[in-house]
J.: 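The following block contains the structure, expressed as structure tokens.
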Amino acid sequence: MTLDVAFPRPDIAVITLNRPDKLNALSYELVEGLHATLDDIAANNDCRVVVLTGAGRGFCSGLDLSAPNPPEAAGGTEFPRSGMRWQERIANLTVKLHRLRQPVIAAVNGPAYGGGFALAAASDIRLASESARFCTQFIKLGIGGCDIGVSYTLPRIIGAGPAFDMILTARTVDAAEALRLGLVSRVCANVVDDALEIAETLCGYGKFGLESTKQVLWANLDAGCLETALQVENRSQILASSGGGVAEFSEAFRRRPR
């Protein structure tokens, strides 16, 4: 089993990359398992938040270099077509995380290198353990430094200057620096427990409101101007208010302890 899925409660899924002997490197089986799991969660109307983490002492060390071009991924084609299919299959994991209705919390419990770094960067919230380490790594492997979405996600998280530094130099960033850069929002002693606590908080909010907030945040990262961003926000707010839950939440807010 290269991947475990647990539901500590019906509305929270915990996905654990489970190849601890390989620091959860991305094998063909793990990539396919993660695709299938994300597809299942996308169709699960009870699940509202996802926590993504790794087994053992690592989050994910990136592509499994012992099998960089698995024949199963080739679909009967020869290189370079086979390589492109495998490349696209891995890269599309970041698209699925991006498009998932549920917010994804990356509980980075150790090294997140290469493709593992890309999965964390494609998540909506990132928490780090004190042992977490981040590195793009791709350029060290004799290929370009921009891979699996990092040239899109990383500048939007930490800004162009620091992102160029990390991607071009492929230097390792520890948890403390990741917090300073804004790559993670918290450094935690018990990163999965803290991720679950955040997940429980999110599950206390309105269902449509939570989904639409993720969608609007990502959409407005690419908004061309303030007016465009406001139009997306305005429509989302009116749609959210049509579900009948606003009065209930407003009353609960009014009655909260002061």
Side-chain angles (χ1 to χ4, degrees), residues 17 23-27 30-31 34-35 38 50 52 54 58-65 68-69 73 79-100 103-108 110-128 132-175 177-185 214-225 228-229 232:
L17 310 179
L23 285 179
N24 306 312
L26 295 171
S27 63
L30 180 51
V31 168
L34 191 50
H35 270 293
L38 293 175
V50 176
L52 177 64
F59 179 75
C60 177
S61 59
L63 178 65
D64 186 346
L65 296 178
N69 292 294
F79 199 82
R81 290 172 67 203
S82 61
M84 182 61 75
R85 291 193 180 193
W86 179 226
Q87 172 75 23
E88 290 175 345
R89 189 63 172 164
I90 300 172
N92 280 338
L93 286 172
T94 61
V95 177
K96 283 193 175 176
L97 290 171
H98 179 91
R99 290 181 176 174
L100 204 65
V104 180
I105 305 169
V108 182
Y113 286 5
F117 180 92
L119 294 177
S123 300
D124 304 298
I125 297 174
R126 283 159 300 282
L127 310 182
R133 299 290 183 271
F134 301 87
C135 179
T136 57
Q137 189 162 263
F138 304 113
I139 205 168
K140 293 180 179 180
L141 305 178
I143 58 176
C146 301
D147 197 18
I148 316 182
V150 297
S151 62
Y152 179 89
T153 55
L154 192 58
R156 285 164 171 76
I157 297 168
I158 64 174
F164 276 44
D165 178 10
M166 284 191 68
I167 292 171
L168 281 168
T169 66
R171 68 186 182 85
T172 300
V173 169
D174 64 16
E177 184 176 4
L179 182 62
R180 290 196 300 272
L181 289 172
L183 178 57
V184 301
S185 54
K214 170 174 176 171
Q215 292 168 353
V216 171
L217 282 168
W218 279 106
N220 281 348
L221 281 176
D222 294 326
C225 64
T228 299
V232 176

J.: Donor-acceptor pairs under 3.5 angstrom involving side-chain atoms of residues 132-140: please list them, not counting sequence neighbours.
T.:
from, atom 1, to, atom 2, distance (Å)
Arg133, NH1, Glu130, O, 3.4
Thr136, OG1, Met166, O, 3.3
Lys140, NZ, Ala170, O, 3.3

J.: For Leu65, enumerate each residue passing the side chain to side chain contact (heavy atoms under 4.5 Å, CB included) test, keeping only those at least two apart in sequence or located in another chain.
T.: Leu63, Leu141
J.: Is Asp64 reaching over with its side chain to a backbone N or O of Ala25, donor-acceptor style, under 3.5 angstrom?
T.: no
J.: Got a sec, which residues hit side chain to side chain contact (heavy atoms under 4.5 Å, CB included) with Arg85, two or more places apart in sequence or on another chain?
T.: Thr77, Arg81
J.: Ala122 and Thr94: which non-hydrogen atoms are nearest, and at how many Å?
T.: CB-CB, 3.8 Å
J.: Report yes if some heavy atom in the side chain of Ile105 is under 4.5 Å from a heavy atom in the side chain of Val50; otherwise report no.
T.: no
J.: Minimum heavy-atom separation for Ile158 and Gly182, please, with both atom names.
T.: CG2-C, 4.0 Å
J.: By the salt bridge (charged side-chain N to carboxylate O under 4.0 Å, His left out) test, which pairs, at least two apart or in different chains, include something from residues 153-164?
T.: Arg156-Asp222
J.: Give, for atom CZ of Phe117 and atom OG1 of Thr172, the distance between the pair rounded to the nearest 0.5 Å.
T.: 10.5 Å
J.: Taking side chain to side chain contact (heavy atoms under 4.5 Å, CB included) as the test, write out the residues that go with Ala107, two or more places apart.
T.: Val51, Thr53, Val191, Val192, Ala195
J.: So, for Ala121 and Ile157, which heavy atoms are closest and what is the spacing to 0.1 Å?
T.: O-CD1, 3.5 Å
J.: Restricting to salt bridge (charged side-chain N to carboxylate O under 4.0 Å, His left out), what partner residues turn up for Asp165, sequence neighbours left out?
T.: Arg171
J.: So, using side-chain hydrogen bond (donor to acceptor under 3.5 Å, both in side chains) as the criterion, who are the partners of Gln87 when residues are at least two apart?
T.: Asp147
J.: Would you say Val31 and Trp86 make side-chain contact, with heavy atoms under 4.5 Å?
T.: yes
J.: Closest heavy-atom contact between Ala178 and Val173?
T.: N-CG1, 3.5 Å
J.: Can you list every salt bridge (charged side-chain N to carboxylate O under 4.0 Å, His left out) pair that touches residues 86-95, not counting sequence neighbours?
T.: Glu32-Arg89
J.: Test Asn24 against Ser61 for side-chain contact (heavy atoms from CB on, under 4.5 Å), laying out the working first.
T.: CA-CA 6 Å; Asn24 306 312; Ser61 59; over 6 Å; no
J.: Kindly write out the residues that satisfy salt bridge (charged side-chain N to carboxylate O under 4.0 Å, His left out) with Arg99, not counting sequence neighbours, or none if the list is empty.
T.: none
J.: Only one of Ile148, Val104, Val108, Leu97 clears side-chain contact (heavy atoms from CB on, under 4.5 Å) with Leu119; which?
T.: Leu97
J.: Apply side-chain contact (heavy atoms from CB on, under 4.5 Å) to Lys96 and Leu34, showing your working.
T.: CA-CA 10 Å; Lys96 283 193 175 176; Leu34 191 50; over 6 Å; no
J.: Once side chain to side chain contact (heavy atoms under 4.5 Å, CB included) is applied, do any residues pair with Leu30, and if so which ones, sequence neighbours excluded?
T.: Thr2, Leu3, Leu17, Arg19, Leu26, Ser27
J.: Out of curiosity, Ile125 CD1 to Leu127 CG, how far, rounded to the nearest 0.5 Å?
T.: 7.0 Å
J.: Side chain of Asn220, backbone of Ala223: donor and acceptor closer than 3.5 Å?
T.: no
J.: Going by the side-chain hydrogen bond (donor to acceptor under 3.5 Å, both in side chains) test, which pairs reach into residues 117-126, not counting sequence neighbours?
T.: Asp124-Lys214, Asp124-Trp218
J.: What pair of heavy atoms forms the shortest contact from Gly116 to Phe59, and how long is it?
T.: O-CE2, 3.4 Å
J.: CG of Leu217 to CD of Gln215: how many Å apart, nearest 0.5 Å?
T.: 10.5 Å
J.: Can you check whether Gly224's main-chain N or O pairs, donor with acceptor, with Thr228's side chain at less than 3.5 Å?
T.: no
J.: Would you compute the distance between atom SG of Cys60 and atom CG of Leu23 and round it to the nearest 0.5 angstrom?
T.: 9.0 Å
J.: Any idea which heavy atoms bring Leu181 and Pro162 closest together, and the distance?
T.: CD2-CB, 3.9 Å
